Structures are given as C-alpha cells and as structure tokens.
A.B. asks: 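Dropping the structure in here first, questions after.
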Amino acid sequence: MTGYGGLDPCVHCGFCLQSCPTYIATGDESDGPRGRIVLMQALQRGRVDPNDTKLAYHLDRCLGCRACEPACPSGVQYGAALEQARHELTEVRPVPLTARIVNRVMADPLLRNAALMLARAMRPAATRARGGSRIGFALGMLASTKFVPRVDGRAGRNAHPDVNKTPLPAASETAVVFRGCIMDGLFSHVHQATERTLQVNGVATRPALGQTCCGALHAHSGQHGEAVRLARRNVLAFAATEPDTIIVNSAGCGAMLKEYGSLLAGDELETPAHNMAKRVRDVAEALADRGPRSGAALDISVAYDPPCHLLHAQRVDEAPRKVLAAVPQLELRTHREADMCCGSAGSYSLTEPALSREILSRKIGAIRDVHPTVVATGNPGCVMQIGAGLTAEGLSVPVVHPVEILDWSYRKAGLYDRMVTS
C-alpha cells in the first residue's frame with residue numbers, strides 16, 4: 001500500500017494527535033496528522049486546489065517524523081502519502097528555496113564536496129561563535145559535527161576483567177558501510193568508529209564505489225524524480241558489490257534505503273532495489289545481533305534520544321540500548337521527550353526555523369532535567385540540532401552517535417591494539 005492508498009484505513013480517531021510535535025506546539029488541528037490526512041484526501045479527490053496556500057502551509061509544516069504511524073491503531077501509512085502530496089505540490093509551486101539549494105548541493109558530488117570542505121574549515125570559528133541567535137544557532141549546528149574525544153568521569157576499572165583476554169572473533173560476515181553525503185563530509189569519525197566496532201564483533205567492512213546521497217531529503221521535499229535518480233545510482237553501486245549487509249549509521253538514510261523497493265516500483269531496477277533493501281541494517285541492529293562485545297568501563301550518564309526515522313520509520317528501539325549496555329558502568333537515563341522529534345527533520349530547521357526551535361525547546365528542557373554527561377543519537381541532523389540547542393541554552397553537554405561511545409569503550413580496553421596486531 002503506497003501513496004494516498006495508505007490513508008484509507010484512517011477512521012479519524014485522533015490517537016495520533018498527542019504523538020505529533022507540531023500539533024502539540026500549535027494546537028491547530030490542521031497541523032496534526034488527522035487534519036493533514038483530511039487535506040491530503042481532499043487534494044487526492046480534487047476538492048482542494050493544489051495552489052491553495054493553506055494546503056501548502058500545513059503540509060510544509062509537517063516534520064515527516066512519522067511518529068503518528070506507530071501510534072495509529074488502524075495502520076495508516078502517513079509518510080508515503082505525505083511524499084505523494086508534496087510531489088504534487090511541486091508541480092504547481094517550487095520547493096522552498098533553502099531546501100532546493102541544500103538538495104541541489106547534496107545531489108551533486110562536486111558541489112557537495114566543495115560545500116562540505118568549506119564547512120569543515122569553518123568548524124573552529126563556528127565553535128567560538130555559536131550561540132542562541134539564528135546565526136549563532138546555525139553555527140552551533142556546524143560546531144556539533146566535530147569529533148568528540150572520549151568522555152569519562154574518572155578512570156574507572158573494567159567491569160569484566162577478561163575483556164582483554166577473550167579472543168577477538170574471526171570475521172564471519174562482510175559488510176559495506178553506506179557513506180551518504182552529510183555523514184561522509186562532516187561525520188567521517190562516525191564511519192571510522194562504525195568500522196572499528198564492527199570488526200571487533202566479527203564483521204569485516206569493505207568499500208562500495210559509486211554510492212551517493214540516499215535521496216531522502218529530495219523525497220521528503222517532493223522532488224520524487226531526483227530521489228529516484230539517486231536511488232538508481234545506489235542500487236547499481238551496491239549490486240556490483242553484493243555485500244552480506246549494508247550498514248547505515250544515519251537513521252534517515254537507513255529508512256530511505258529500506259524503502260528503495262517501493263520508491264522504484266515499476267522501474268527496471270525494482271527487483272535489485274528490493275534485494276538491496278533487504279540487506280540494509282542500522283549499525284545498532286548489526287552490533288546488537290552480535291552481542292555486542294563488552295568493552296572497558298566508562299563512568300558516564302547517557303541520555304539516549306532515538307531518531308524519528310530509526311524509532312518510528314524503521315521501528316528499531318532496543319538495539320541502540322543494547323549497544324550502550326555493552327559499556328560497563330554507563331548509566332542510561334530516559335527523558336520525557338525521547339520519542340518526540342527534535343525539530344531537525346532534514347532541512348526543516350532552515351525552512352521552518354521558528355517552529356523547529358519551539359519543538360526543540362521541549363526536548364532540551366527534558367534533557368536538562370536528567371543531567372546527562374553525554375547525549376547519544378543516531379542521525380546527523382539530530383546531533384546537529386540537539387547540539388546547537390544545548391549550546392544555545394548554555395549547556396556544555398556533547399552529542400554523539402551511540403557507536404562512538406562503544407568505540408571509546410573499546411579503545412580504552414585496548415581492543416584495537418589487539419585487532420591491529422592479531
């Protein structure tokens with residue numbers, strides 16, 4: 001069931017409303033899933049003109065977080081319908097300029113590499129100038145992409161004294177890490193941590209040439225044709241490599257790759273797309289399947305914040321917690337806004353800055369209340385958004401990917417020294 005057909009089971013019960021960050025923020029029915037479903041069905045049936053500014057206004061304000069899907073007792077497939085509606089709107093009016101610029105840059109390797117190289121060069125200045133203003137917040141987002149050295153309250157000791165004695169497993173699986181665009185340009189340290197932690201757990205990684213941006217930003221903006229073009233390139237790249245598993249450490253990319261079969265329905269690459277999608281696993285899923293191996297103790301408290309496209313779209317909840325549980329002495333703290341969107345949502349923080357910040361403020365308050373040493377989340381946009389939000393509130397709490405914390409633990413345990421020499 002795809003497109004508007006996914007809305008048919010809706011009985012307008014309203015169970016979705018309290019899962020929707022924009023409805024909670026505005027209290028406007030048209031800014032909630034139920035109201036938007038009515039609008040999309042009216043668009044489908046020709047009862048509202050695609051040029052209607054109110055239609056575009058309320059659909060544009062949707063984060064696309066898909067929290068309404070697991071909350072729905074009827075199984076409404078909201079996300080696919082939203083993308084269909086936005087695609088139709090692009091035929092009568094342009095995608096917002098900021099989203100167009102970002103999407104164009106991410107789709108073009110030359111532009112992307114130049115832009116991300118410039119961004120990396122600006123990180124030191126961004127770290128000094130970040131703050132609460134709109135410009136300061138943007139600089140805070142960039143500053144949050146930098147590598148964070150190990151955080152550890154005190155030296156501690158290994159909870160498992162045999163951590164350095166148990167032999168490392170031989171590789172029993174071959175995987176390719178999906179590199180993406182933002183991840184590859186600004187979070188290469190997460191890719192490196194991903195490959196190291198997988199190797200300790202018996203997964204060998206190798207490169208896949210020709211891969212590119214996953215197309216999620218384009219699909220969510222309604223640029224269906226561009227999303228298909230990027231998907232086809234990735235399907236061909238991974239078909240040539242044929243790894244056992246495609247490991248993804250960006251929740252948004254993972255959700256997109258797992259839906260390539262639907263995106264390329266009717267395309268000559270539909271079957272390879274389905275085959276590729278079946279092999280896609282979030283890094284937390286891959287590590288949780290293998291334990292993961294325990295490392296050295298870290299005396300830290302971690303507020304885990306699940307990315308929407310991992311928790312709601314992929315329905316992956318326990319795996320990241322298992323990854324963090326492999327670190328002795330680590331204390332996992334749950335906050336009240338953990339299942340709500342942070343307001344990043346791709347380019348949403350650029351196209352809807354005021355509402356994005358309002359949604360983020362609830363999460364920052366909830367994180368502040370649990371007093372963590374570190375915040376962990378598995379999506380680049382979430383790292384940047386939450387990191388900037390914490391800085392804007394004067395909170396000196398780093399935001400990292402869960403696999404980075406496991407990487408700290410393994411490095412402290414000396415497992416990588418053994419891996420190199422074994």
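Every heavy atom of this structure was used, including side-chain atoms; hydrogens, water molecules and symmetry mates were not. Quick caveat: nothing in here was measured; it's all calculated off a predicted structure.
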A.B. asks: Would you name the heavy atoms of Phe238 and Ala208 that are closest together and state the gap between them?
C.D. replies: CE2-CB, 3.9 Å

A.B. asks: Here's one to test your reading of the geometry: is the NZ or CZ of Arg333 within 45 degrees of the ring axis of Tyr304 and under 6.0 Å from its centre?
C.D. replies: no

A.B. asks: Check whether any side-chain N or O of Gln329 sits under 3.5 Å from a backbone N or O of Ala297 as a donor-acceptor pair, and report yes or no.
C.D. replies: no

A.B. asks: Treating Lys363 as the side-chain partner and Met340 as the backbone partner, does any N or O pair qualify as donor plus acceptor under 3.5 Å?
C.D. replies: yes

A.B. asks: Could you report the tightest heavy-atom contact between Val177 and Gln211, atom names first, then the distance?
C.D. replies: O-NE2, 3.5 Å

A.B. asks: Taking all heavy atoms of Val76 and all of Glu69, pick out the closest pair and write down the distance.
C.D. replies: O-CG, 3.8 Å

A.B. asks: Do Trp408 and Val148 touch side chain to side chain, with heavy atoms closer than 4.5 Å?
C.D. replies: yes

A.B. asks: Without swapping roles, check the side chain of Tyr78 against the backbone of Ile37 for a donor-acceptor pair under 3.5 Å.
C.D. replies: no

A.B. asks: Kindly check if the number of other-residue, nucleotide or ligand heavy atoms within 6.0 Å of CG (Leu118) is above 12?
C.D. replies: yes

A.B. asks: Can a donor-acceptor pair be found, under 3.5 Å and without considering hydrogens, that links the side chain of Ser347 to the backbone of Leu350?
C.D. replies: no

A.B. asks: Of the options Lys278, Glu285, Arg279, Glu173, which is the one that meets Thr245 in a side chain to side chain donor-acceptor pair (under 3.5 Å)?
C.D. replies: Glu173

A.B. asks: Test Thr373 against Val302 for side chain to side chain contact (heavy atoms under 4.5 Å, CB included), laying out the working first.
C.D. replies: CA-CA 6 Å; Thr373 312; Val302 177; over 6 Å; no

A.B. asks: Tell me if the centroids of the rings in His309 and His220 come within less than 6.0 Å of each other.
C.D. replies: yes

A.B. asks: Test side chain to side chain contact (heavy atoms under 4.5 Å, CB included) on Met384 and Phe187 and set out the steps.
C.D. replies: CA-CA 11 Å; Met384 296 167 73; Phe187 292 92; 4.0 Å; yes

A.B. asks: Tell me whether the count of non-hydrogen atoms from other residues, nucleotides or ligands lying under 6.0 Å of CZ in Arg123 goes above 12.
C.D. replies: yes

A.B. asks: Using the rule salt bridge (charged side-chain N to carboxylate O under 4.0 Å, His left out), only one of Arg179, Arg120, Arg112 pairs with Asp184; which is it?
C.D. replies: Arg179

A.B. asks: Are any side-chain N or O atoms of Asn379 and backbone N or O atoms of Ala251, one a donor and one an acceptor, separated by less than 3.5 Å?
C.D. replies: yes

A.B. asks: Walk me through whether His312 and Ser19 qualify under side chain to side chain contact (heavy atoms under 4.5 Å, CB included).
C.D. replies: CA-CA 11 Å; His312 304 311; Ser19 71; over 6 Å; no

A.B. asks: So does Arg229 have more than 12 non-hydrogen atoms from other groups sitting under 6.0 Å from CZ?
C.D. replies: yes

A.B. asks: Do Gln41 side-chain atoms and Val38 backbone N/O form a donor-acceptor pair below 3.5 Å?
C.D. replies: no

A.B. asks: Quick one: sort the His189 and Phe147 rings into parallel, tilted or perpendicular, breaks at 30° and 60°.
C.D. replies: perpendicular

A.B. asks: Can any side-chain N or O of Tyr410 pair as donor or acceptor with the backbone N or O of Ser294 at less than 3.5 Å?
C.D. replies: no

A.B. asks: If only side-chain N and O atoms count, and only distance matters, is there a donor-acceptor pair under 3.5 Å linking Asp52 with Tyr57?
C.D. replies: no

A.B. asks: Which atom pair, heavy atoms only, marks the closest approach of Asn103 to Ser221?
C.D. replies: ND2-OG, 3.2 Å

A.B. asks: Output yes when a side-chain donor or acceptor of Asn234 lies under 3.5 Å from a complementary backbone atom of Cys213, and no otherwise.
C.D. replies: yes

